[in-house]
Amino acid sequence: MTKNKLVLYNSIKKKKEVFEPLNPPFVGLYVCGPTVYGDPHLGHVRPAITYDVLFRYLKYLNYRVRYVRNITDVGHLERDSDDGEDKILKKAIIEQLEPMEVAQYYTNSYKYQISKFNVLPPSIEPQASGHIIEQQQMIGQILKNGYAYLKNGSVYFDVEEYNKKYNYGKLSGRKIDELLSNTRELEGQDEKKNSFDFALWKRAEDKHIMRWPSEWGDGFPGWHLECSTMSTKYLGEVFDIHGGGMDLLFPHHECEIAQSTAANGKESVKYWMHNNMITIEGQKMGKSLGNFILLEEMFSGKHEKLEKAYSPMTIRFFMLQAHYRSTLDFSNEALQASEKGLERLLNAFQLLDNLPVSEKSSYDIETLKQRAFNALNDDLNTPVMLSHLFDAAKYINSVKAGTESINSSDLASLKEIFNDLLFDIGGLLPDKESSSTDSKLGEVMDILLNLRIAAKANKDFATADKIRDQLQAAGFIIKDKKDGFEWELKN
RNA sequence: GGUCACGUGGCCGAGUGGUUAGGCUCUGGUCUGCAAAACCAGCUACAGCGGUUCGAAUCCGCUCGUGACCUCCA
């Protein structure tokens, strides 16, 4: 176990703080999940992996964690002021499907693709559409407390009134008068007292299919409400950690704070965490910019920006090689560097099973372990943690080569360190992925490459080279191993 | 325009006052029939200018550049 305490950067305090749960050993963790109106892309993976590592590490530290990650399947208005058209509904009209069918399809897609990254499923994965009643109750409470007003069947949050007692903008650092002068004028905003007021409940027009009855008339909940409602329901009025992407900091998280505080009278979140963005050519990868790469494209390599296919573990490792609060720039070069780096670590790990044991160790394993955990404790500094594992890999290789030595207890300790850090906490998988999901192709490759081995054994190098050259020409990469072969498909 | 970040060697990316980050590439070597792979070794950077300091990539100021948010977004 580690000697130092876990320190996390708290966005609302703008500094690192020692993590102390409200009710140890229990920890409540809420993370904003996806809006299910499109196939998951590379950007979705960053928070999934970031908070997966946090979830895993907290559990490793023997906390009992309830991890809630929502599925937004209703209510995200395209614009605050449009005619009640939301993203899921819009997609439904385009595709001529029932809105819930669309939401279900992309929910399944998200869960399936994310699971490939060895991301642990959250404890609870609530859907906004399943919590309409709770959302209405929260609106009722906010109205009762005087921080919302009803207008034409819609309910809006009264930011100005709220700001008299509380502080709207405490997370994002925005000032209410700055917002006033900087908010763009949108059509139909005359319903609201102020442009920065936001919808809690939105009246549904006749043509709007996604609708629920309420005491204010048929409508649907506003876009920030579900997180306040569901975090309160499953984690309580005050809970430990709220995570999400930096792009959600304003207005989404600011509004969440306002809603929860307005309803319950107290600050709901102790630690706010925000992961940074994946960039591509220096720009944020996102749906709206249209520069995203779908996960299935990453896995297949079928995208104009991709030189080859990348496995989920390569991508996971790539993300762990940057700190979660830094932007991470996508490039083929960087991905391929991660691919090789991961392989180096896995090779070293495999060597641990048959390493010559000596009386003494020529390396201080305990210090290595402490440094690696110190890195994790320092706001989940996974890149530094990994750099220590690379040091260990170099040492393992040297023991193998006979230039360094290790004793049996250190060897056991080193195995444990790799298991804990790389697999248990880092969430990587120890097995190298099979080169192809097509097992028939695998069988054929086995036949060909075994023929080649036989030819080599007979010193028939002409045949051996012919097999290799022709396979390479057909787009395969062939690697000879001490006791066999390895191959992969070049994209 | 407002608010806030960031600028590190060929690429990615840690580090925030004095110590080799690390990975990949590249170069050289070892090994193997050859090649690839693997392994070993080498390659010492911090946007610019000024300031603080015994000492700054690290603190302060200015300049330049990039990005995020301000509208849905992970």
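FYI, side chains are in, hydrogens and waters are out, and symmetry mates aren't considered; it's all heavy atoms of this structure. Reminder, nothing fancy here: chain letters follow the sequence lines and each chain counts from 1.
- In this structure, CG of A:Asp480 is placed 9 Å from C1' of B:A35, rounded to the nearest angstrom.
- One C1' atom belongs to B:U8, the other to B:A45, and the distance between them is 6 Å to the nearest Å.
- For the OP1/OP2 pair of B:A41 and a distance below 4.0 Å, the side-chain nitrogens and oxygens of A:Lys394 include at least one atom meeting the criterion.
- Among the atoms of the strands shown, base atoms are found under 4.0 Å from some heavy atom of A:Gly43.
- The interatomic distance linking A:Leu249 (CG) with B:C4 (C1') rounds to 10 Å, in whole Å.
- Residues satisfying the side-chain contact (heavy atoms from CB on, under 4.5 Å) criterion with A:Phe299, sequence neighbours excluded, are A:Gln113, A:Lys116, A:Phe117, A:Leu295, A:Pro312, A:Ile315.
- When heavy atoms are screened at a 4.0 angstrom cut-off, A:Leu335 is found touching no nucleic acid atom at all.
- Applying the salt bridge (Lys or Arg N to Asp or Glu O under 4.0 Å) test to A:Asp465 and every residue at least two apart in sequence or in another chain returns A:Arg468.
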Polar pairs (N or O, both sides) under 3.5 Å between protein and nucleotides 14-16 of chain B?
unit_1: B:A14; atom_1: OP1; unit_2: A:His323; atom_2: N; d: 2.6
unit_1: B:A14; atom_1: OP1; unit_2: A:Ser326; atom_2: OG; d: 2.8
unit_1: B:A14; atom_1: O3'; unit_2: A:Asn381; atom_2: ND2; d: 3.3
unit_1: B:G15; atom_1: OP1; unit_2: A:Asn381; atom_2: ND2; d: 3.0

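- Within the 4.0 angstrom heavy-atom criterion, base atoms lie near A:Phe461.
- With C1' as the reference atom, B:G50 and B:G13 are 29 Å apart, rounded to whole Å.
- B:C4 atom P lies 9 Å from atom NZ of A:Lys14, rounded to whole Å.
- In terms of the salt bridge (Lys or Arg N to Asp or Glu O under 4.0 Å) criterion, A:Arg174 has no residue partners (sequence neighbours excluded).
- Judged purely by atom type and a 3.5 angstrom limit, A:Asn118 uses its side chain to pair as donor or acceptor with the backbone of A:Gly427.
- Taking the nucleotide of RNA chain B with the nearest heavy atom to each of A:Leu328 and A:Gly173, the more 5' of the two is matched to A:Gly173.
- Neither side chain, A:Tyr106 nor A:Lys111, offers a donor N or O lying under 3.5 Å from an acceptor on the other.
- Annotation: B:A21 and B:U3 have their C1' atoms spaced 33 Å apart (nearest Å).
- Scanning for side-chain contact (heavy atoms from CB on, under 4.5 Å) contacts around A:Lys459 gives A:Phe461, with sequence neighbours left out.
- Within the shown strands, nothing qualifies as a pairing partner of B:U58 under the Watson-Crick or G-U definition with both distances less than 3.5 Å.
- Partners of A:Glu297 according to the salt bridge (Lys or Arg N to Asp or Glu O under 4.0 Å) rule, which considers only residues two or more places apart in sequence or in another chain, do not exist here.
- By the salt bridge (Lys or Arg N to Asp or Glu O under 4.0 Å) test, A:Arg325 pairs with A:Asp379, sequence neighbours left out.
- Using the Watson-Crick or G-U wobble rule with both distances under 3.5 Å, B:U16 pairs with nothing in any strand shown.
- Note on A:Asn397: a side-chain N or O is less than 4.0 Å away from OP1 or OP2 of B:C39.
- For B:U58 and B:U19, the P atoms lie 13 Å apart once the distance is rounded to whole Å.
- B:U71 atom P lies 13 Å from atom NZ of A:Lys284, rounded to whole Å.
- The CG-P distance, from A:Leu389 to B:A21, rounds to 19 Å in whole Å.
- At a cut-off of 3.5 Å, with distance as the only test, a side-chain donor of A:Ser362 or A:Glu404 sits close to an acceptor on the other residue.
- Rounded to whole Å, the separation between the C1' atoms of B:A56 and B:U16 comes to 10 Å.
- Side-chain N/O atoms of A:Asn276 include none lying less than 4.0 angstrom from OP1 or OP2 on B:A5.
- Taking atom P in both B:G23 and B:C6, one finds a spacing of 26 Å when rounded to whole Å.
- For the pair A:Lys308 and A:Tyr310, the cation-pi test (distance below 6.0 Å, angle within 45°) is passed.
- Distance from the side chain of A:Asp465 is smallest for B:G33 among the nucleotides B:G33, B:C69, B:A35.
- Regarding A:Phe485, its CZ atom lies at a distance of 15 Å from the C1' atom of B:A36, rounded to whole Å.
- The aromatic rings of A:Tyr30 and A:His242 lie tilted to each other, with the angle between the two planes from 30° to 60°.
- The side chain of A:Ser387 approaches B:A21 more closely than any other nucleotide in the set B:A21, B:G33, B:G2.
- For the P atoms, the distance linking B:C54 with B:C43 amounts to 33 Å, nearest Å.
- The nucleotide B:U66 finds its pairing partner in B:A5, both defining distances of the Watson-Crick or G-U wobble pair being shorter than 3.5 Å.
- Of the candidate nucleotides B:G33, B:G13, B:C70, B:C70 has the atom nearest to the side chain of A:Arg174.
- As rounded to whole Å, 21 Å separates atom P of B:U66 from atom CE of A:Met277.
- With both pairing distances under 3.5 Å, B:C39 is matched to B:G29 as a Watson-Crick or G-U wobble pair.
- Evaluation of the side-chain contact (heavy atoms from CB on, under 4.5 Å) rule for A:Ser129 yields A:Asp73, A:Val74, A:Met100, A:Gln127, A:Trp212 as partners, not counting sequence neighbours.
- Between the NZ atom of A:Lys175 and the C1' atom of B:C70 there is a distance of 14 Å, rounded to whole Å.
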Quick tally for nucleotides 24-32 of chain B: nucleotides whose base has a protein heavy atom under 4.0 Å get B, sugar-phosphate-only ones S, the rest -, giving SS-------
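- At a threshold of 4.0 angstrom between heavy atoms, the contacts of A:Leu248 are confined to the sugar-phosphate backbone, with no base atom among them.
- Taking the P atom of each, B:G29 and B:U66 are spaced 44 Å apart, rounded to whole Å.
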